[in-house]
Protein chains: 2
Amino acid sequence: MAAQRGQRNGVGVTPPAPTAAEITTPIPRVTEVPAARERARAIPEAAVARLAVYLRVLSGMQEHGAGTVSSEELAVAAGVNSAKLRKDLSYIGSYGTRGVGYEVAVLIEEIERILGLTRKHSVAVVGIGNLGHALANYGGFPGRGFPVTALFDVDPDLVGVPVGGMPVEHIDDIPRVCAEREVSIGVIATPPPAAQAVCDRLVSAGVQCILNFAPVVLQVPDHVEVRKVDLAVELQVLSFHVARRADNAAVLAEANGRAVDGMVVS
Amino acid sequence: MAAQRGQRNGVGVTPPAPTAAEITTPIPRVTEVPAARERARAIPEAAVARLAVYLRVLSGMQEHGAGTVSSEELAVAAGVNSAKLRKDLSYIGSYGTRGVGYEVAVLIEEIERILGLTRKHSVAVVGIGNLGHALANYGGFPGRGFPVTALFDVDPDLVGVPVGGMPVEHIDDIPRVCAEREVSIGVIATPPPAAQAVCDRLVSAGVQCILNFAPVVLQVPDHVEVRKVDLAVELQVLSFHVARRADNAAVLAEANGRAVDGMVVS
DNA sequence: TACCGCTTGTGAACGTGTGCACAAAGTCAG
DNA sequence: CTGACTTTGTGCACACGTTCACAAGCGGTA
């Protein structure tokens with residue numbers, strides 16, 4: 001969940017709070033919004049993540065010259081249940097033809113529209129260590145539409161050095177550079193102790209979406225979206241499964257050959 | 001999941017299948033297992049991921065000399081609701097003292113036990129490109145207990161070259177090396193087209209847990225656990241939120257100052 | 001045109017996870 | 001020892017996401 005599954009700042013969960021002043025300007029409470037594109041809000045987060053997967057699979061299919069797909073085909077390729085897939089697609093509208101399937105090109109277009117991939121999203125990477133280096137070199141970042149337009153680090157020896165064809169800037173320049181280059185997504189790849197400070201700078205520079213690789217729980221204002229990629233957590237979840245498997249095997253072995261019962265070690 | 005989060009192989013969702021022959025040997029169906037440590041199975045995946053986060057926070061607290069924590073303190077530090085935290089902890093047992101809180105040391109020990117961190121888990125990294133390089137240099141991998149004991153690549157120029165103090169092996173040697181070094185977790189950091197083949201080799205080498213960085217849906221047997229870290233998906237989810245935000249702002253602006261209605265750009 | 005088979009889209013049941021609120025249980029002061 | 005205060009552990013209700021199952025709708029065929 002990911003996984004994942006994204007961090008929400010979670011702290012301000014005080015429900016009796018009226019949560020006034022939502023986006024930027026003091027808006028006098030708009031509860032019943034026109035709902036034309038408000039539909040977007042209704043898409044569950046998990047479904048959004050899957051839509052991104054469908055999009056990738058569809059792109060592959062298009063390159064192989066496929067004109068249409070059935071929900072079943074697409075579901076198998078994406079590794080999900082076909083009913084779930086259809087429900088996910090229904091969140092963005094009805095673009096299929098009953099008895100036939102979906103037109104690949106149409107689906108790609110609609111998913112890209114919903115995911116906001118029609119606009120380019122400038123990405124800034126902060127922290128040019130091992131991981132930041134790798135991210136900067138990732139070839140303009142995975143897939144379409146996420147050009148890396150700024151790199152930052154605190155190390156003066158790194159500042160000015162080109163990495164992946166782009167000079168590293170000092171983190172003190174985050175506000176200026178992010179504003180100039182209209183950065184909309186910040187990637188934090190710093191050591192843990194620096195992460196919160198960097199995050200604060202990005203936020204005050206107007207960045208509203210952050211991808212955090214540092215193993216730290218970031219505190220951000222409500223209007224900022226944070227997603228977390230935590231290698232340690234991923235490994236530990238896998239470790240849990242290893243342990244569970246081993247334990248189950250032991251229990252099962254005990255349950256079958258029940259002669260030895262002094263064997264169960266704590 | 002993302003969260004996210006973890007990929008389940010999802011394809012074999014045929015519910016009428018009896019799912020016979022579970023783990024390794026032909027076991028005659030054990031439904032009601034002793035349930036002593038079967039409790040482990042009952043822990044929701046999302047809770048496991050959070051336990052890993054709690055563990056990190058607790059370690060930090062212990063270094064700062066904290067002896068006990070209340071659920072509220074720990075919850076704030078971990079960025080979750082305190083009720084959720086208590087429920088998560090209750091999955092692993094009752095180790096708190098009412099009126100006082102939890103002993104940090106005890107909690108750390110119990111979480112480590114549940115997550116299986118008392119054993120060492122050898123990690124193999126396959127694909128020594130940008131990302132694989134970064135992972136190999138990550139300093140024995142994040143935190144405790146996950147030593148990287150093998151590196152693999154298909155490029156003959158890389159084989160034998162030491163990366164992070166460890167020579168790269170050829171992927172043809174995956175079965176032998178993984179068996180020798182008792183690798184329990186495989187990390188796939190290859191280009192997408194190679195991922196499935198590498199995965200198959202790891203699985204046939206006996207690796208049961210895989211962390212996949214390649215943007216591909218891996219097909220694995222039921223007994224293998226896969227977790228996926230997909231940068232493209234993460235970015236696209238963030239992109240979705242950028243778009244949603246922009247749309248909402250536009251709608252709100254329209255709803256408020258309803259004089260200008262030609263301003264809403266698609 | 002009428003029928004048939006196929007696939008979508010979705011209402012409804014189900015299961016899981018989250019959040020609330022409170023009893024149970026402990027500490028500490030007097 | 002008693003009583004007040006604090007914090008855990010959990011039953012319960014709710015919300016969310018997943019899965020099922022089927023009616024609605026479309027293309028092809030006679």
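Here is the naming used below: chain letters follow the sequence lines, and residue numbers restart at 1 for every chain. Just so it is clear, the model here is predicted, and its values are computed rather than measured.
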Without decimals, in angstroms, what is the distance between [X] [atom1] and [N] [atom2]?
X       : N      : atom1 : atom2 : value
A:Leu74 : C:dT8  : CG    : P     : 10 Å
B:Lys84 : D:dA15 : NZ    : P     : 16 Å
B:Arg86 : D:dT7  : CZ    : C1'   : 7 Å
A:Tyr95 : C:dT10 : OH    : C1'   : 17 Å
A:Asp88 : D:dT18 : CG    : C1'   : 10 Å
A:Arg50 : D:dC16 : CZ    : P     : 15 Å
B:Tyr54 : D:dT8  : OH    : P     : 13 Å
B:Leu85 : C:dT18 : CG    : P     : 12 Å

> Looking only at N and O atoms, is any donor in the side chain of A:Lys87 or the base of D:dT19 less than 3.5 Å from an acceptor on the other one?
Replying inline: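 Side chain to base: pair present.
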> Could a donor-acceptor pair under 3.5 angstrom be found where the side chain of A:Arg98 meets the base of C:dT8?
Replying inline: yes
> Can you list the residues that meet the ring pair (Phe, Tyr, Trp, His ring centres under 6.0 Å) rule with B:His241, with sequence neighbours excluded?
Replying inline: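 By the ring pair (Phe, Tyr, Trp, His ring centres under 6.0 Å) rule, B:His241 matches no residue at all.
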Proximal nucleotide (of [options]) relative to the [X] side chain:
X        : options                : answer
B:Asn81  : C:dC20, D:dT8, C:dG17  : C:dC20
B:Ser70  : D:dG9, D:dT8, C:dT10   : D:dT8
A:Ala46  : D:dC26, D:dT18, C:dA21 : D:dT18
B:Thr97  : C:dG26, D:dT8, C:dT10  : C:dG26
A:Val100 : D:dG27, D:dC20, D:dT18 : D:dG27

> Which residue, B:Gly99 or A:Gly99, contacts DNA chain D at a nucleotide closer to its 5' end, judged by nearest heavy atom?
Replying inline: B:Gly99
>> Taking 4.0 Å as the cut-off, does a side-chain nitrogen or oxygen of B:Ser71 come that near to OP1 or OP2 on D:dT7?
In response: no
>> Side-chain N or O of A:Tyr102 versus OP1/OP2 of D:dC26: is the shortest distance under 4.0 Å?
In response: no
>> I'd like to know if the side chain of A:Thr118 pairs up with that of A:Arg113 as donor and acceptor (distance under 3.5 Å, no hydrogens or angles considered).
In response: no
> In this structure, which one of B:His121, B:Arg227, B:Gln208 forms a side-chain contact (heavy atoms from CB on, under 4.5 Å) with A:Leu238?
Replying inline: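 When B:His121, B:Arg227, B:Gln208 are each tested with A:Leu238, the side-chain contact (heavy atoms from CB on, under 4.5 Å) holds only for B:Arg227.
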>> Taking B:Gly60's backbone N and O only, do any of them form a donor-acceptor pair with B:Glu63's side chain (distance below 3.5 Å, no angle check)?
In response: no
> Donor-acceptor pair, B:Ser59 side chain versus B:Leu55 backbone, under 3.5 Å?
Replying inline: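 Checked: pair present.
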